[in-house]
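To keep things clear, I will list the structure first and then write my remarks on it.
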Amino acid sequence: TETTHDLTVTIRGSNSENPASVTIRSLPGKNIAGNTLEYRAVELQPGAEPDYDADDIVSDGGTFYGTYTVAYVNSDGTTTATNTLKRTEISAEKKWNVQGEGRLPVTLHLQYRALEDGKEVWKDVKTFGGESCTVKLDGEVDSAQPYYEDRAWHAVWTGLPQALPGSKLGADGKTQYQVVEDVPSGFLQENSSGEPGNEGEFTFINVPETSYTVKKSWHTKTGTVHPVVMVQLYRTTDKNLVGALAGTQGVEEVKERTAELSGNKLTHTFQDLPKYEPGEGDNPKGALYYYYVLETTASNGAWEVHYEHSSDTTTIRNVGKVTVSGTKTWKDNNDAYHTRPDSITLQLYRTTDTGENKQWVKVDSKQVQAPWTYEFKDLPYADEKGNHYTYRVAEMNGDAEIAEGGTLPAVEGDPEPTYPKADYTVGYDSEGYEWNITNTLTDEIDITVTKHWIDGGQGAGERPESLTFELLQNGDKVDEE
């Protein structure tokens with residue numbers, strides 16, 4: 001009875017050794033029956049020992065380690081196993097969407113898909129020395145190497161194993177590769193193309209980055225509570241559309257670019273914005289973007305919104321509303337002399353001047369009649385630049401303003417005034433946004449006093465030598481005679 005056993009040996013060598021070999025000596029030439037024995041060697045898949053089976057044996061033309069094609073030659077007691085790497089190639093191209101800005105060197109990384117702790121991860125392909133297989137593109141062609149800049153702004157990785165040891169193989173039994181870039185400072189990755197796979201090309205387009213700031217201020221009465229206001233970033237390539245409302249053709253709402261402005265946080269800067277719109281072709285040059293910001297929180301009439309847009313900042317001024325009001329008072333003995341008009345005209349003025357020689361601008365006017373109160377509503381607290389408005393009210397005599405201490409003539413009509421030539425003296429009393437006006441009836445009249453005596457006559461000696469008369473006004477002495 002003859003029992004046979006396979007003999008396994010391990011061939012070791014460094015990566016620089018090619019070929020590597022081992023010799024097995026003192027093997028029997030014949031079996032116990034005297035038959036000549038023939039020997040051959042076959043490779044086993046890594047990790048097959050010690051309990052391997054037929055599936056672990058690499059046959060002629062088979063694949064070792066998912067990476068090498070194996071060919072055997074048996075001659076004169078020697079087996080030569082030649083492992084030929086199954087190769088692939090990955091490339092990447094760099095494009096720039098610039099208009100006068102310089103191009104900066106860019107580092108590209110070749111990565112492979114792996115499995116770590118049960119999770120898929122991407123890891124840099126590394127040399128045997130542990131260095132990442134990166135290519136630095138600078139627009140200058142390098143000399144031929146396994147991975148290098150083979151033409152301006154183009155990288156290639158050659159001789160890559162189709163199945164890289166340590167990678168997570170796809171359904172086709174091959175390694176999935178991808179290329180990623182280290183985006184240079186001052187630029188954004190506008191676009192990239194190329195899918196992870198075992199071959200193919202990746203393309204990256206970089207565009208200069210910019211930023212845009214919004215500044216907000218409130219101009220309202222002291223003590224006003226200001227709500228949280230939401231703002232939205234917009235952009236256009238048409239300078240004439242800056243400030244246009246959302247939905248305007250040619251205006252784009254920049255997605256996920258909003259900010260809340262409230263309290264002490266009334267400034268926000270939007271970072272990492274592309275300077276140009278996406279370009280096309282081998283030399284993409286997109287149009288310049290014009291950015292601006294608009295409020296999206298409705299004021300519901302509680303304030304006015306004023307915008308000032310520049311190339312890098314939108315300034316928003318929210319101006320509150322005020323009401324100018326007052327009461328008209330008549331001092332004319334309740335119109336006992338029919339001198340009071342049925343209505344008066346009030347003129348509203350405002351100014352942003354703070355000096356002595358203020359320039360007043362007419363704002364509005366209205367007719368006021370009994371019950372002699374008035375209001376000018378929904379007036380802005382300040383102008384569009386945030387300059388505070390000062391308001392004042394004046395009574396008018398036709399087209400002429402009646403100044404403090406000026407006069408308003410008594411009316412003419414039916415019933416006829418008792419004193420048709422009388423005037424009203426106009427006085428103003430103001431505090432904040434309250435303007436009260438008082439019209440006091442004034443006129444000069446003669447009061448004749450006749451004294452009648454009922455006595456014994458002039459010669460009776462009963463009359464005093466003289467009398468004193470006191471003139472009273474509303475019970476108060478104002479003169480005597």
Side-chain angles (χ1 to χ4, degrees), residues 95-103 186-191 205-220 227-262 265-321 350 352 361 363 378-389:
K95 296 181 180 181
W96 300 89
N97 180 4
V98 295
Q99 297 184 20
E101 296 86 358
R103 297 167 170 82
F187 287 85
L188 301 174
Q189 188 181 94
E190 175 187 290
N191 194 12
I205 302 177
N206 283 9
V207 62
E209 69 174 351
T210 187
S211 61
Y212 199 81
T213 298
V214 56
K215 296 180 179 179
K216 181 175 187 58
S217 59
W218 287 95
H219 305 272
T220 57
V228 176
V229 172
M230 184 73 71
V231 296
Q232 170 69 52
L233 181 67
Y234 297 87
R235 65 189 176 198
T236 178
T237 58
D238 185 346
K239 189 175 183 179
N240 295 322
L241 291 179
V242 171
L245 299 178
T248 302
Q249 186 175 0
V251 170
E252 176 187 359
E253 178 183 295
V254 186
K255 301 299 183 185
E256 299 180 358
R257 292 299 184 128
T258 61
E260 285 187 352
L261 303 180
S262 64
K265 185 183 179 300
L266 294 176
T267 299
H268 180 80
T269 298
F270 297 96
Q271 305 280 5
D272 302 328
L273 304 173
K275 187 175 181 179
Y276 304 108
E277 71 172 348
E280 297 179 355
D282 293 334
N283 189 24
K285 287 187 177 181
L288 177 67
Y289 274 133
Y290 296 95
Y291 289 92
Y292 62 94
V293 174
L294 297 178
E295 284 190 7
T296 57
T297 301
S299 69
N300 296 322
W303 65 83
E304 295 178 353
V305 184
H306 299 283
Y307 297 100
E308 187 176 336
H309 306 290
S310 69
S311 60
D312 59 2
T313 304
T314 288
T315 300
I316 304 176
R317 299 181 182 92
N318 285 12
V319 176
K321 302 292 186 66
R350 71 185 177 199
T352 58
V361 178
V363 180
D378 295 327
L379 303 172
Y381 177 86
D383 67 9
E384 61 183 14
K385 296 292 186 180
N387 300 307
H388 172 246
Y389 277 130

For [X], what residues pass the salt bridge (charged side-chain N to carboxylate O under 4.0 Å, His left out) criterion, not counting sequence neighbours?
| X | result |
| --- | --- |
| K95 | D282 |
| E295 | K216 |
| E101 | K275 |
| R350 | none |

Contact summary for [X] and [Y], nearest pair of heavy atoms:
| X | Y | result |
| --- | --- | --- |
| V293 | I316 | CG1-CD1, 4.4 Å |
| T314 | Y307 | CG2-CD2, 4.1 Å |
| V207 | P274 | CG1-CB, 3.9 Å |
| T297 | M230 | OG1-N, 2.7 Å |
| Q249 | L241 | O-CD1, 3.5 Å |
| A259 | F270 | CB-CZ, 4.1 Å |

Student check: side-chain heavy atoms of [X] and [Y] closer than 4.5 Å:
| X | Y | result |
| --- | --- | --- |
| L266 | S217 | no |
| T236 | T248 | no |
| L379 | Y389 | no |

What distance do [X] atom [atom1] and [Y] atom [atom2] have between them, rounded to the nearest 0.5 Å?
| X | Y | atom1 | atom2 | value |
| --- | --- | --- | --- | --- |
| D272 | T269 | CG | OG1 | 11.5 Å |
| L233 | E252 | CG | CD | 9.5 Å |
| K321 | T220 | NZ | OG1 | 13.0 Å |
| E277 | K285 | CD | NZ | 14.0 Å |
| D383 | H306 | CG | NE2 | 7.5 Å |

Chi angles and distances behind the side-chain contact (heavy atoms from CB on, under 4.5 Å) call for R257, L273: CA-CA 10 Å; R257 292 299 184 128; L273 304 173; 3.5 Å; yes
Under the side chain to side chain donor-acceptor pair (under 3.5 Å) test, residues paired with [X] that sit two or more places apart:
| X | result |
| --- | --- |
| D238 | none |
| Y289 | none |
| D378 | none |
| E190 | N97 |

So, using ring pair (Phe, Tyr, Trp, His ring centres under 6.0 Å) as the criterion, who are the partners of [X] when residues are at least two apart?
| X | value |
| --- | --- |
| H388 | Y381 |
| Y276 | none |
| W218 | H226, W303 |

Residue pair S211 / Y291, side-chain donor-acceptor N/O under 3.5 Å: no
Heavy-atom neighbours of K265 NZ exceed 12 at 6.0 Å: yes
Over 12 foreign heavy atoms within 6.0 Å of CD, E260: no
L294 and H309: CA distance, side-chain angles, deciding distance, side-chain contact (heavy atoms from CB on, under 4.5 Å) verdict: CA-CA 10 Å; L294 297 178; H309 306 290; 4.3 Å; yes
Intermediate values then yes/no, side-chain contact (heavy atoms from CB on, under 4.5 Å), I205 and Q189: CA-CA 6 Å; I205 302 177; Q189 188 181 94; over 6 Å; no
Step-by-step side-chain contact (heavy atoms from CB on, under 4.5 Å) determination, E253 to K255: CA-CA 6 Å; E253 178 183 295; K255 301 299 183 185; 4.1 Å; yes
All pairs passing salt bridge (charged side-chain N to carboxylate O under 4.0 Å, His left out) where residues 297-312 contributes a residue, at least two apart: E308-R317, E308-K385
N/O donor-acceptor pair under 3.5 Å between Y212 side chain and T313 backbone: yes
